[in-house]
Each structure stands twice: as structure tokens, then as C-alpha cells.
Amino acid sequence: MSDLRTIALAGNPNCGKTTLFNALTGLRQRVANYPGITVEKKVGQIRLGDGSPAEVIDLPGTYSLVPTSPDEQVAAEVLFGQRADTKRPDAVVAVIDASTLARGLFLVSQLLELDRPLVVALTMSDIAARRGIVVDDRALEAALGVPVIPVVGHKGVGVAALRSAVDRALEGNSGSTGAGVPKALAKAIAASSTSTDPLLSEIGGRYAWIDALMAASVRSGTKSHLTERVDGFLLHRVFGLGFFALIMGSLFITLFTLAAPLMDACSSGVAALGHWLTASMADGDLKSLINDGIFAGVGGVVVFIPQIALLFLFLSLLEDSGYLARAAVLMDRLLCKVGLHGKSFIPLLSAFACAIPGIMATRTIDSRRERLITILVAPFLSCSARLPVYALLIAAFFHHLPGWQQGLIMLALYLLGIFAAFAVAWLATKIRGRVASTPFILELPSYKLPQPRQVALQVWQNASAFLTKAGTTIFALSIVIWAITTYPKPSAERITADTSTFTAHWQAPADTPADKLAEVRQDALDKALAGKALETSIAGHLGHFIEPAIAPLGFDWKMGIGLVGAFAAREVFVSTLGIVYAVGDPGDATDGLQAEMLADRKPDGSPVWTTAVATSMLVWFVLAMQCISTTAVVRRETGGWTWPLLQLGGMNVLAWIACLITYRILA
């Protein structure tokens, strides 16, 4: 446990707490999970006035210290010092949205009773003013007995004053805990004790105290504000859904067309680095490892960073603008029809980035039943790890279509995953019987212009996480896959026999110029020998072993090697194919691989990869469960192996059947 002084940021969801956390800590932060659970733990560092470092914890959003969800339970346990893995905070910063002050003050009323130094950070005063709400922060400070600091996190306004106030609170200056307030609270609670329910009496007493506080420190008007006017359209049951569909469609079309030149630039950079590293090396296994293993593997995935970054950019813009919460309200009507919950929307949306944080986010769902169904269907949503596979196959087999139509194909894949998730959720509800859904209550933040710094930080954190994965997991797997596709090498006698067989049966293409005949023959011989060597390797034997199970889907043993690797990480499929097809030039990480796939032939001369095969493969990656990490998280979230094994088997059987139907129709 850290010996640093610790400051906890506590507040309601969507109160500006994370923006303030980013303003305080910048890039000096790390994200992990609380040990034993999958609630996110976000920690950063700041420098105090005396130059010493302090740790800042961004607690999960909570409305009360009486928890009703796992997220709220973690926040309460940290504040009460009940977690052995997290030091009890030395000071607490209560982050309150000025436009919903009463709701935030309820939490403050409980924080005042913790006997911890407390500072109130008042956010979104500008939004409150546009609504005709003016908060007198000095009057509020006098009533609470603790410092109240107006801040605008994304602009850095008030951040320095907040640091100074925290410094004074940590030094133990008088008045920093609002010591007299709990007596006033107790008096208000006692005065409202007219109910036989003690909890209702306490809530009534706290709000009576809050009402008096609001009357003394807040002036409210009746000014119409932009949020209400815009919500009239965006939350409309017809126009709102139409606008949501337009936003999602535009996102994927733009994602495919805008990323192309950026991917070309990234590919050129990978090529330059690969040539620079191997230019002076002699041919041999080491050079093959670098070119055919590391650069064909890792490089083949890294070139998709622009698409990954753009996806997170668009999602961050939608979230920071306040639109995603509205989308959740819109989708609540549809989700309820299939047995899900409005709160399922955010976890499902998170699953488009990665199923793991999506499954983690289900902890905000109060009903275990609705939470379990959300966990089971979240992996159907196409995560960013599938994006390189989609991009490779669409670009290779639908290259004759313009970019916007390729974008629509990608959108169709995402919609297929959504349809599958809804269908399975509906079926699970029918099998287990429908029960009354828990109420859907969600804080709707005000609309605002996305803040470039906040958006850039989100994109950087997610893209760098993908790069870290490419630099560790995919790097290691690329070396392993290169090794099992290289060894054992065929004997000299086998090479001689294969060469003789090739010489006896090879015929030059009719249009081959005479001066190019030897070069074409040697190139064909090299590819034939490489294919035979791959068959005799460990990977070749593994691919042939599983081929009977995947052959009805149009897949051969080479694709089988890629599918096995994809169970570790879906994007490894691309790097595995790069190694299997021995794309030697790192600069050809995508174009070269596509060309090799298109040129691959069966013994009878027919193409291995066809549009039917590629479409079947796309359907497999939409519907199949191919992520060991996700399975492990599901086991931890559900408390056993029953549900993750059911999910693993069910999704893969569904994918097999859907691919079989797809291939038979198109072949």
C-alpha cells in the first residue's frame, strides 16, 4: 500500500469528476482493477505545495454512501477505509455539478460525516448560468464549513486554487471538515422523523437541510436552455432513432475512407524500419524471424492503428458532447423488448472497443439477471480487435467497390453482431421467463463542445493500450507462430523430392516472356517449397488436424492456423496469416498479404480464397467467441465456469452454423 498522502475524488456520475482528474494528473495516471473484482481503479499523481507527491484516486461515480451497485460499494469501502488494498484517503474532494446542485449535496452531506478533510469542487457553473442558475460559492462555503472552489476542468480554471485548498486541508487547518454541519444535519433528520421507515426519515431530513442550503446560496431563473431544445429532437422516438442511425452509419463510412491514407503512411513507416534493420543481414533464420515473424506479424497489426485511433476518437467525441447518454435513453425502449436494460447500453457500447471493459461496466446494473444477460451477449459486439480482420478481408475481396460501399459492408458486420446480441438476449429471456425490469434512471449531462485535450487523452490512452498489446502479446505470439511454422524443417531428401515433383509438373504461364521464364520458374519453385515446408511444420500438422471441422465452412488448414492463434487475440489472425504466407517485405504488411491470399491455389488450381470464403470468415469473426481474456473475465464476474463455458460453446456453435449457411449460399 502506498505511503503517499492520498486524495479521493468523489461525486455523482457525469459530474465532471474524470475531467477534473485528468486536469489534475495529466498523463501521470494509471488504470487497473481493484484486486479480486473488475471495478476500474484510476490513480494519478500530483505535486502538492511543498513539492511532495500525492496520490489522487478517481472513485467510481456514486449518488450515496449507501451502495446499491458494485461501483458504489467500492467507492464507499474506499472512503470508509474498508479495503485492505487501498489506503483510506487523507482528504476528499467532493465534485459537484452546479446545474444539479441538490443531488450532489446529498453525497456531500454524507461525506461531511466521515471526519476527513473535505474540499468541494464546484463544476459546470457556466452551464448552470445558461440555465438561469447562479450559485453563490461563498455563501455555500460558509454554510458547509469547508472550502468551495469553482473549477472548469477542461480549461484549467480553478485547478490551482483547488490544489491550494487541498494543501490547506491536508495541513489540518480548522474548518476543513465542516465539523459543525453534522449537528445541523442530525437536527434536520430528527425533525423529519415522522415515518416508520428510518431510512426514509434520514433521506427526508437530509433533503430538508439541502433545501435550506439551496435557498441561502442559489438563485434560480426560468431561462430556457439549449439542452431542453435539442433533447426535444434527439430523444424523439422516431427522429431521435433516425439521427442515431445516421450518426452510426456516418461513423463507419468515415472510419473506412479516412483511415486509408493514414494506413498507407503507417505501412511505409513499417517498411522503412524493416529495411533499415535487415539491409545488412545475411539470409538465414534470424533475418527470417525479423522479416517473416516480427514484421510480418506485429507490423501487419500495427498498420491498423489509424483505424483504431479514429474509432476511439469518434466515440470520445460522442461521449464528451453528452450524446451517448441520450443514445442510452433511446435504446432503453428497444433493449427492454429483448430482456436487457437501458443501463446495458453503455456496457454494450464499451464492448465495441473491447468486450472486457464492457463486461466490467455491467457492474452498474442492479439486477443480477439483466447483468448476466448483458455479460453473455457483450462479446457479440464487434470489438476493435476484429477491425484489422474486417479491414483486411474487405479490402482484399471487395476492392472493386468504392470506399463508402466498403464502409457499408463494415457497418453491416457491426449490425450483424448487434442483431445476434439482441436475438440471443431475447431467447434467453424467453427460456428463463420474463421478470419485471428494474427502473432505468440515468443522469443526462448537458450538451457541450467536446474538449480537445480530454478527447486527445482518451484516444492516446486507448491507442497506446493497443500498441502495448502489439508490442507484448502479439510480439510474443508472432515469434511462437514463426517458430511453429518454421520448424521442423524438411530434410534435404524431402526438398529434392519436392523439387523433382515440381519440375515434372510445372508449366509456365502462356504469356510469360522468354527472358523472364527462369525468374518466374524460380519464384514458383520457392513458393511451392515454402508451402511444402509449412505443411511439415508443427503449425501445418495442427492446421491439418482441425481442417475436417472447418472445411465445410470453406476454410483450409492455413486458415485453421490463423483461427487457433486468434483465440489468444483476434487481431493475431492477421499477423498469423502474414507469417503463414511469408510476406517477406514488411512494407507489404497489408497489400502483400492480400496479394498472396488472392494468389493462393488448391492442388487443382482453383483459388483457396474466394468471396464466399472471405464472407464466411467475416461471419465467423462476428459471431465466434475467440478471446481467452474475455472468457477469464466472464468466469470471474459470474463466479464460476458454467456461464463462460456455455457462452464459449454456444457462440462458436452459432458461428459454425451461420458460416456453413453463408458459404453454401455464396459458393
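Sequence positions, counted from 1, serve as the residue numbers for this chain. All values derive from a computational prediction rather than experimental measurement.
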Using only atom types and a distance under 3.5 Å, with no angle test, would you say the side chain of [X] pairs donor to acceptor with the backbone of [Y]?
{"X": "Glu547", "Y": "Gly560", "answer": "no"}
{"X": "Ser616", "Y": "Ala612", "answer": "no"}
{"X": "Asn652", "Y": "Met625", "answer": "yes"}

Got [X] and [Y] here, is their nearest side-chain heavy-atom distance under 4.5 Å?
{"X": "Leu313", "Y": "Val455", "value": "yes"}
{"X": "Tyr414", "Y": "Leu387", "value": "yes"}
{"X": "Pro379", "Y": "Gln647", "value": "yes"}
{"X": "Leu376", "Y": "Leu646", "value": "no"}
{"X": "Ile375", "Y": "Arg371", "value": "yes"}
{"X": "Thr638", "Y": "Pro644", "value": "yes"}
{"X": "Trp557", "Y": "Glu535", "value": "yes"}
{"X": "Leu348", "Y": "Val377", "value": "yes"}

**Item:** salt bridge (Lys or Arg N to Asp or Glu O under 4.0 Å) contacts touching residues 372-387 (sequence neighbours left out)
**Value:**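 Every candidate salt bridge (Lys or Arg N to Asp or Glu O under 4.0 Å) pair involving residues 372-387 fails, so no pair, neighbours aside, qualifies.
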**Request:** For the residue pair Ser537 and Tyr487, confirm or rule out a side-chain donor-acceptor distance under 3.5 Å.
**Result:**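 No, no side-chain donor-acceptor contact under 3.5 Å.
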**Request:** Would you check if there is a donor-acceptor pair between the side chains of Gln626 and Trp620 at a distance under 3.5 Å?
**Result:**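 There is such a pair (donor and acceptor under 3.5 Å, judged by atom type) between the side chains of Trp620 and Gln626.
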[atom1]/[X] to [atom2]/[Y] distance, rounded to the nearest 0.5 angstrom?
{"X": "Leu416", "Y": "Leu411", "atom1": "CG", "atom2": "CG", "value": "11.0 Å"}
{"X": "Thr631", "Y": "Arg635", "atom1": "OG1", "atom2": "CZ", "value": "11.0 Å"}
{"X": "Leu666", "Y": "Ile661", "atom1": "CG", "atom2": "CD1", "value": "11.5 Å"}
{"X": "Ile418", "Y": "Leu413", "atom1": "CD1", "atom2": "CG", "value": "11.0 Å"}
{"X": "Ile657", "Y": "Leu623", "atom1": "CD1", "atom2": "CG", "value": "10.5 Å"}

**Asked** Thinking salt bridges, do Lys602 and Asp556 make one under a 4.0 Å N-O criterion?
**Response**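 The answer is no: the pair does not qualify as a salt bridge.
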**Message:** Pair Ile409, Leu401 - check side-chain contact (heavy atoms from CB on, under 4.5 Å), show working.
**Reply:** CA-CA 10 Å; Ile409 293 174; Leu401 299 177; 3.7 Å; yes
**Request:** Would you check, one step at a time, whether the test side-chain contact (heavy atoms from CB on, under 4.5 Å) holds for Val622 with Leu618?
**Result:** CA-CA 6 Å; Val622 171; Leu618 287 169; 5.5 Å; no
Ignoring hydrogens, what is the shortest heavy-atom contact between [X] and [Y]? Give both atom names and the distance.
{"X": "Gln594", "Y": "Ala395", "result": "NE2-CB, 3.6 Å"}
{"X": "Val608", "Y": "Arg601", "result": "CG2-C, 3.6 Å"}
{"X": "Ala549", "Y": "Trp656", "result": "O-NE1, 2.8 Å"}
{"X": "Ala614", "Y": "Leu393", "result": "O-CD1, 4.0 Å"}
{"X": "Phe621", "Y": "Leu563", "result": "CE1-CD2, 3.9 Å"}
{"X": "Ile561", "Y": "Gly540", "result": "CD1-N, 4.2 Å"}

**Request:** Check step by step if side-chain contact (heavy atoms from CB on, under 4.5 Å) holds for Val613 and Met559.
**Result:** CA-CA 10 Å; Val613 173; Met559 302 173 203; 3.7 Å; yes
**Request:** Would you please indicate yes or no on a ring centroid separation below 6.0 angstrom for Phe422 and Phe380?
**Result:**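 Here the rings of Phe422 and Phe380 have centres that are no less than 6.0 Å from each other.
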**Prompt:** Among Leu598, Thr610, Leu392, which residue meets the side chain to side chain contact (heavy atoms under 4.5 Å, CB included) test with Phe397?
**Reply:**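 Option passing the side chain to side chain contact (heavy atoms under 4.5 Å, CB included) with Phe397: Leu598.
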**Message:** side-chain contact (heavy atoms from CB on, under 4.5 Å) for Thr499 and Leu525? Distances and angles first, verdict last.
**Reply:** CA-CA 7 Å; Thr499 302; Leu525 175 60; 4.2 Å; yes
